[in-house]
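Computation of the quantities below employed the complete heavy-atom set of this structure, encompassing side-chain atoms and omitting hydrogens, waters and symmetry-equivalent molecules.
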Amino acid sequence: MKTQFDVAIVGGGLVGLATACALSRYDLTVAIIDTKVDEWQDFNVDDIGIRASAINGASQRYFSQIGIWHDLCASNRVHSFSEIGVWEKNGLAHLSAHAKDYGYENLGYIIENNLIAYHLYQLALATDNITIFNQVAIDNNYTDDYAFLTLADNTTLQAKLIIGADGAHSWLRRHEKISVFERNYLHHAVITTVETQYPHQACARQIFYPNGIVAFLPLWQANKSCLVWSTKPAQAEILTSLTESDFCHELFKLTGDKVGQCQLVNPRMVFPLKARFAKQFIKHRLALIGDAAHTIHPLAGQGVNLGFQDSALLVATIKKLIDEQKDIGLVENLKSFQFTRRKDALVMLTAMRTIQDMFNGDNAFKKMVRTVGMNAIDNFTPIKKQLIKYAMQI
């Protein structure tokens, strides 16, 4: 089997697969190293995925560039949403927006994660210059000209650049001793799929309450949504231990008549939430992207989009370096990528921390500030349009 590549990618999740497929379009040879990547080989059209993502305009354009957007749409499971509704439980703060009010066709797309991964995986399998290694990486080292990655079966891969796309607990980041700023959000996310009494009408909804945030992402079926319920860890454990009827009763107490009574479609999954920010995104012949470089609170649905934007910029940077006949693995040549992506991730991390802190608890002063602030934004169209344009990358 081939062991010399232009790029080796550790991690075969959404961002790793997207990066491999995008690089392959420029005739680069790419290795993907991941023991779990083959999980994406099957997709059951009768099942609804537990996890879904709000895909913004930038990610949609990247999917088109890679070549999977047409196939995603052909599945009839890509659902554009045209409205957002945000409000505070037992408070007066609220914000809403409809795409047509700003001349947009939609505000983004809700797509099941496993559907995206399935099409990326199928494209990777069908691409001659992508090789998948169902292995664990156990060591890596570098010379001036190459990076070497040793796999568990003692295979050694040679590449000009190694990309770490291996998630929040990145082996590559830890192995390289890249330090990480971390902050617990003191929230766990309970994620599942629900069938709501009332149709979602292509509206993404978010409810803030003193102990957390409840979000409904509208899926391709009119009464089904991905539920992301972020709350304190102890409460998350209680919620997952409740019977289905008791869980839905607790959910109804928060949402009231906005979506009506709910029924569970999928099991409940729990994920601890923590902000992470790697102090370096690049080293000699190494680049980190996606959750390996940063993780944020899911309250704005921007985590996966940040990862795809990392991927798109890194691919564009590599393409530019090759066109200029420059080494794609040198730190000096990757500094512009790091500067841009660190800046964007820091902005998003700061925004998520500010929003979560402002809505955490039932302090009277905080309540007044968020009511005045949100309602002012809601009533001032130019600011609201700019916020929507930035978040959705329209």
Side-chain angles (χ1 to χ4, degrees), residues 5-34 37 40 53-69 72 108-109 111 113 115-124 127 129-130 132 159-168 170 172-173 276-278 280-283 285-296 301-322 328-329 333-345 347-348 393:
F5 298 89
D6 294 308
V7 178
I9 301 173
V10 180
L14 297 180
V15 174
L17 283 169
T19 306
C21 291
L23 287 170
S24 72
R25 296 175 64 84
Y26 301 120
D27 295 326
L28 295 172
T29 54
V30 183
I32 300 174
I33 301 94
D34 195 331
V37 68
W40 307 123
S53 295
I55 298 300
N56 66 19
S59 296
Q60 182 270 323
R61 292 188 291 274
Y62 192 38
F63 290 171
S64 293
Q65 175 189 333
I66 292 169
I68 65 164
W69 184 246
L72 286 171
Y109 306 86
I111 313 177
N113 286 12
L115 179 68
I116 300 171
Y118 171 77
H119 284 289
L120 287 170
Y121 178 78
Q122 293 302 319
L123 180 57
T127 304
N129 48 334
I130 295 177
I132 297 175
K160 298 293 286 185
L161 177 69
I162 296 176
I163 298 174
D166 49 341
S170 169
L172 194 57
R173 186 189 65 218
R276 296 180 181 86
F277 185 75
Q280 295 169 268
F281 285 16
I282 60 171
K283 289 184 70 175
R285 305 209 174 277
L286 171 72
L288 299 179
I289 58 175
D291 285 355
H294 45 69
T295 60
I296 65 171
Q302 291 300 307
V304 73
N305 290 306
L306 277 178
F308 286 132
Q309 288 164 38
D310 292 346
S311 173
L313 182 58
L314 183 57
V315 169
T317 301
I318 291 171
K319 173 63 164 58
K320 183 173 183 291
L321 291 171
I322 289 173
I328 65 173
N333 294 338
L334 297 172
K335 281 185 176 179
S336 62
F337 159 77
Q338 175 173 258
F339 176 81
T340 301
R341 296 314 304 147
R342 279 174 58 86
K343 175 175 63 69
D344 289 350
V347 168
M348 197 60 67
Q393 296 288 305

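Here the closest non-hydrogen pair linking G13 and D34 is N-OD2, 4.1 Å. When every heavy atom of L172 is checked against every heavy atom of G164, the shortest pair comes out as CD2-CA, 3.5 Å. Between I55 and I116, the closest heavy-atom pair is CD1-CD1, 4.2 Å. Residue G12 comes nearest to W40 through the heavy atom pair O-NE1, 3.2 Å, listed as atom of the first residue, atom of the second, then distance. When every heavy atom of V315 is checked against every heavy atom of A22, the shortest pair comes out as CG2-CB, 3.8 Å. Between A20 and V30 the shortest heavy-atom distance is CB-CG1, 3.8 Å.
Under the 4.5 Å side-chain criterion, counting only non-hydrogen atoms from C-beta, Y121 is not in contact with I32. Residues D6 and I322 have side chains not in contact (no heavy-atom distance under 4.5 Å, counting atoms from C-beta outward).
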**Message:** Between L120 and I66, does the side chain to side chain contact (heavy atoms under 4.5 Å, CB included) criterion hold? Intermediate values first, please.
**Reply:** CA-CA 9 Å; L120 287 170; I66 292 169; 4.3 Å; yes

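Side chain of R342 to backbone of F277: no donor-acceptor contact under 3.5 angstrom is found. The backbone N or O of L313 sits less than 3.5 Å from a side-chain atom of T317, completing a donor-acceptor pair. A donor-acceptor pair is defined here as one N or O able to donate and one able to accept, closer than 3.5 Å; no such pair exists between the side chain of D310 and the backbone of R341. Remark: side-chain polar atoms of N305 are paired, donor with acceptor, to backbone N or O of N56 under 3.5 angstrom. In this structure, the side chain of T295 engages the main chain of R276 through a donor-acceptor pair within 3.5 Å. Without hydrogens or angle criteria, T127 side chain to L123 main chain gives a donor-acceptor distance under 3.5 Å. No donor-acceptor pair closer than 3.5 Å links the side chain of R173 to the backbone N or O of A293.
A distance of 13.0 Å separates CG of L23 from CZ of F5, quoted to the nearest 0.5 Å. Note that OH of Y109 is 11.5 Å distant from CZ of F63, once rounded to the nearest 0.5 Å. Rounding to the nearest 0.5 Å gives a distance of 7.0 Å between CG of L314 and CG of L334. In this structure, the separation between CG on L17 and OG on S311 is 10.0 Å, given to the nearest 0.5 Å. Interatomic distance, CD1 of I318 versus OH of Y26, reported as 10.5 Å (0.5 Å rounding). To the nearest 0.5 Å, atoms CD1 (I282) and CD (Q338) are separated by 4.0 Å.
In this pair, H294 and F281 present their aromatic rings tilted. The plane angle is within the 30 to 60° band.
In summary, the side chains of T29 and N129 do not present any donor paired with an acceptor at a separation below 3.5 Å, with no hydrogens or angles considered.
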